[in-house]
Amino acid sequence: MSPGEILLRAHFADAFRQITKKPDSPEIHVSFYPFAGLNHTIRIRKQRVYVRVSDIMRDAPTSVHRALAFILVAKLFNKRVGVEHQNLYRQYAYLPQVQRATDLARQQRGRKQLTGAVGGYYNLDRMFAKLNRRYFDNELPLPALSWSARRTKRILGHHDYVHEAIVISRSLDSSDVPEFLVEFVLYHEMLHMKHRPRVQNGRRVYHTAAFRADERRFEWYEQAMDELDRLSSRK
Ligand SMILES: [Zn+2]
């Protein structure tokens, strides 16, 4: 977490205390995120609060960060947003340099927009929660989880270290695909959150021995391997 994120988290903690009128704030995770625009998200899962603030706002004045914290927390509780916060934020959003950065983000990132965790058949959010409980003592923070836009067959899953995002191929979101296989692909990507890449002999190693050992802890490991073999040999 960067100093900017720590400061931002303090604003959110303040906003929680003031808006809920309680002396304590919940556990809050705040990060800057490369949304395709000046967008922000806030959600509660298991009494923890996850906030993503557009990285466009990274260098915004602290008063604007504070205003945004009050706006997002008020929205979370369906409370009215204070006028002074609203005005501060709007003035900032309409600054020419901010508008330019927003347009640029839309152009450059728009196509890569994630399509969401709820598929037609499987729900990645729910699956993540189950695997996190079972294999990680609930210690992994919730990443941006999404099905891929296209039904990629060769790449079934991907973990993005920079954006802390996991994308699973939409080709797995089907009644023809056993649940343990989707879970295994997601589990593999979750292991990438736990095992950071190592540099060995000048090369970045993603699947270390410890990673592979953890991978074999998956309850349906053998079945998943067989299924992956079948998938890759199918034309
Ligand atoms: Zn991998």
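Note that ligands are numbered from 1 as they come in the structure, with each ligand's atoms numbered from 1 the same way.
Taking the six-membered ring where tryptophan is involved, the planes of Phe16 and Phe77 are perpendicular, since the angle between them exceeds 60° and thus also 30°.
Looking only at N/O/S atoms, His192 comes nearest to the Zn ion (ligand 1) through NE2. Looking at His207 and the Zn ion (ligand 1) together, the shortest N, O or S contact belongs to NE2.
Salt-bridge annotation for Arg17 and Asp14: present, with a side-chain N of the basic residue lying under 4.0 Å from a carboxylate O of the acidic one. Under a 4.0 Å N-O distance rule, the pair Glu164/Arg196 qualifies as a salt bridge.
Under the 4.5 Å side-chain heavy-atom criterion for grouping Ile, Leu, Val, Met, Phe, Trp and Tyr, Leu228 is connected to Tyr187 within one hydrophobic cluster.
The Zn ion (ligand 1) has no N, O or S atom of His159 closer than 2.8 Å.
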